[in-house]
Amino acid sequence: KEGDEVISGCINMTGLIKIKTTKEFGDSTVSKILDLVENSSSKKSRSENFITKFARYYTPAVCYGALALAVLPPIVSLIIGFDPAWNQWIYRALTFLVISCPCALVISIPLSFFAGIGGASAAGVLIKGSNYLETLAQTKTVVFDKTGTITQGVFEVCGIHQHSCSEHKKADGTCRPEYTAEEQNLLEYAALAECHSTHPISVSLQKAYGKKLDNTDVQEISGHGVITTVDGHQVAAGNDKLMKKLGIEYRTCDCVGTIVHLAIDNVYAGHILIADVIKPHAAEAMKKLKAAGVNRLVMLTGDDDRVAQQVADEVGISEVHSKLLPADKVTQVESLLEQKQGKDALAFVGDGINDAPVLSRADIGIAMGALGSDAAIEAADVVLMDDDPIKIAKAIQIAKKCLR
């Protein structure tokens, strides 16, 4: 509404808004996210830092040692009056270079990792380096972002309620997908009312109806909903505020999701429940991760507690942190990193630009490749090409087999 703060990177789906710039680019949300990515990149796992530091000193030492072996003994021999035997000492220096290279490690390990990375890519998992494969094998904690990772990030109609919500619930607490003729009629009214809007909620209603729509008599009330005329009947479709504005008594819904209330000729007709859809293999993926040796599953999300908890319960995640901004997610991951033991690694799975800082900060960052943002894919160490979370367990199993 008027006076609200707009975070940079947001998308205005419909209508015209006038925004006043109150901060310089350096203080903007996107700038802070990019800064978090850059700072997080310097905090990679200890094993990577150790290997880099070891190579920095070991390689020059060996090269200088070989050079000294080729030059110093002949010079000393020459000074004290003996044959310098240059050929012999150069040969010894080259032998020293070969010996100082631990062949079994240098040759067999890269080949093993090459095979592991190739096997993972064949399974639709792109791993950006052998060091990430090694870290992946030690993963004991997996942290998930919710939207686009556990859920599809796409809104769909999941319930049409003419009467009380309890009549439409299945034993597991979710809404039944079958609709009566009267409920289909209610969906048609809602789709016709929303047919000219490109808002994600409106698009989900049009998609659920699935037929060609044409309705020109539509009045949109910003922040409330729409009012239209269908077959001579006045139809109002919108949120609680629209019902209150029109003075119509409405029923609340126990189910978790976005509610679109409908009133026909100023009489309440029911409501339609719209929610983000959980990925088909999400629950199975959590079971396979536990079987692969992961002992802690955590979900981070910007959604409210109720939505987050329901999704977590459905897929089998016990630890949930909700209402988080991008910087809050980094803080949570920092806290989880402090709690891990020994060489255990923490993996974070995300898809959006707001996940990029966390992907960089985690021991291993896993991004969704099909729907993920460029920033997330760039910041991640592992990319799932088909966005299927079940592939995470597969990648861990490949990494463990590679190290064995």
Side-chain angles (χ1 to χ4, degrees), residues 37-123 125-140 293 337-338 340-348 359-366 377-383 395-404:
V37 172
E38 289 169 6
N39 290 333
S40 297
S41 299
S42 64
K43 299 178 181 177
K44 274 294 178 187
S45 60
R46 274 178 279 174
S47 58
E48 187 180 353
N49 289 331
F50 172 76
I51 290 165
T52 305
K53 191 174 181 181
F54 178 80
R56 191 183 300 140
Y57 294 107
Y58 180 77
T59 306
V62 167
C63 291
Y64 286 127
L67 184 64
L69 190 61
V71 175
L72 292 180
I75 290 174
V76 171
S77 298
L78 199 62
I79 291 171
I80 61 176
F82 291 105
D83 181 11
W86 286 100
N87 288 344
Q88 186 180 353
W89 284 107
I90 289 171
Y91 186 85
R92 285 174 179 172
L94 292 173
T95 304
F96 172 78
L97 267 179
V98 174
I99 293 169
S100 64
C101 170
C103 299
L105 294 174
V106 170
I107 295 171
S108 66
I109 285 181
L111 284 175
S112 300
F113 280 121
F114 179 78
I117 291 169
S121 62
V125 182
L126 299 185
I127 300 171
K128 293 185 177 180
S130 55
N131 53 330
Y132 303 125
L133 196 68
E134 186 178 16
T135 308
L136 198 60
Q138 299 167 345
T139 302
K140 295 295 180 185
L337 285 168
E338 289 174 5
K340 67 176 188 172
Q341 298 177 346
K343 293 182 179 180
D344 292 352
L346 180 145
F348 179 83
L359 287 164
S360 290
R361 181 60 193 99
D363 291 326
I364 193 89
I366 304 173
I377 293 169
E378 185 68 27
D381 309 313
V382 177
V383 180
I396 292 173
Q397 288 166 352
I398 289 171
K400 287 185 174 181
K401 188 175 181 180
C402 178
L403 286 188
R404 279 202 301 272

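All values reported here derive from a predicted model rather than from experimental measurement.
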Next item on the list: Would you name the heavy atoms of Gly116 and Cys402 that are closest together and state the gap between them?
Entry: CA-SG, 4.2 Å
Checklist line | Test side-chain contact (heavy atoms from CB on, under 4.5 Å) applied to Ala345 - qualifying residues, sequence neighbours left out | finding: Thr135, Gln138, Thr139, Asp363
Item checked: Residue list, side-chain contact (heavy atoms from CB on, under 4.5 Å) with Leu67, at least two apart or on another chain -> Val71
Check: How many angstroms lie between atom CG of Leu78 and atom CD1 of Ile75, to the nearest 0.5 angstrom?
Finding: 8.0 Å
Note to self: Let me confirm one number: the CG-OG distance from Asp83 to Ser77, rounded to the nearest 0.5 Å.
What the structure shows: 8.0 Å
Margin query: If you apply the rule side chain to side chain contact (heavy atoms under 4.5 Å, CB included), what do you find for Leu337 with Arg361, and how did you get there?
Written below: CA-CA 9 Å; Leu337 285 168; Arg361 181 60 193 99; 3.5 Å; yes
Note to self: So which atom in Ala399 and which in Leu136 form the shortest heavy-atom distance, rounded to 0.1 Å?
What the structure shows: CB-CB, 4.0 Å
Note to self: Quick one: does any side-chain atom of Asp381 pair with a main-chain N or O of Tyr132 as donor and acceptor, under 3.5 Å?
What the structure shows: no
Checklist line | Partners passing side-chain contact (heavy atoms from CB on, under 4.5 Å) against Lys401 (at least two apart in sequence or in another chain) | finding: Arg404
Check: So, do Val383 and Val125 sit near enough that their side-chain heavy atoms are less than 4.5 Å apart?
Finding: no
Next item on the list: Output the distance between atom NZ (Lys128) and atom CG (Leu126), rounded to the nearest 0.5 Å.
Entry: 9.0 Å
Next item on the list: Rounded to the nearest 0.5 Å, what's the gap from CD1 on Ile366 to CD1 on Ile396? Could you check?
Entry: 6.5 Å
Check: In Å, rounded to the nearest 0.5 Å, how long is the span from NZ of Lys343 to CD of Glu134?
Finding: 8.5 Å
For residues 87-99, dump all side-chain donor-acceptor pairs below 3.5 Å to protein atoms at least two apart in sequence or in another chain.
{"from": "Thr95", "atom 1": "OG1", "to": "Tyr91", "atom 2": "O", "distance (Å)": "2.8"}

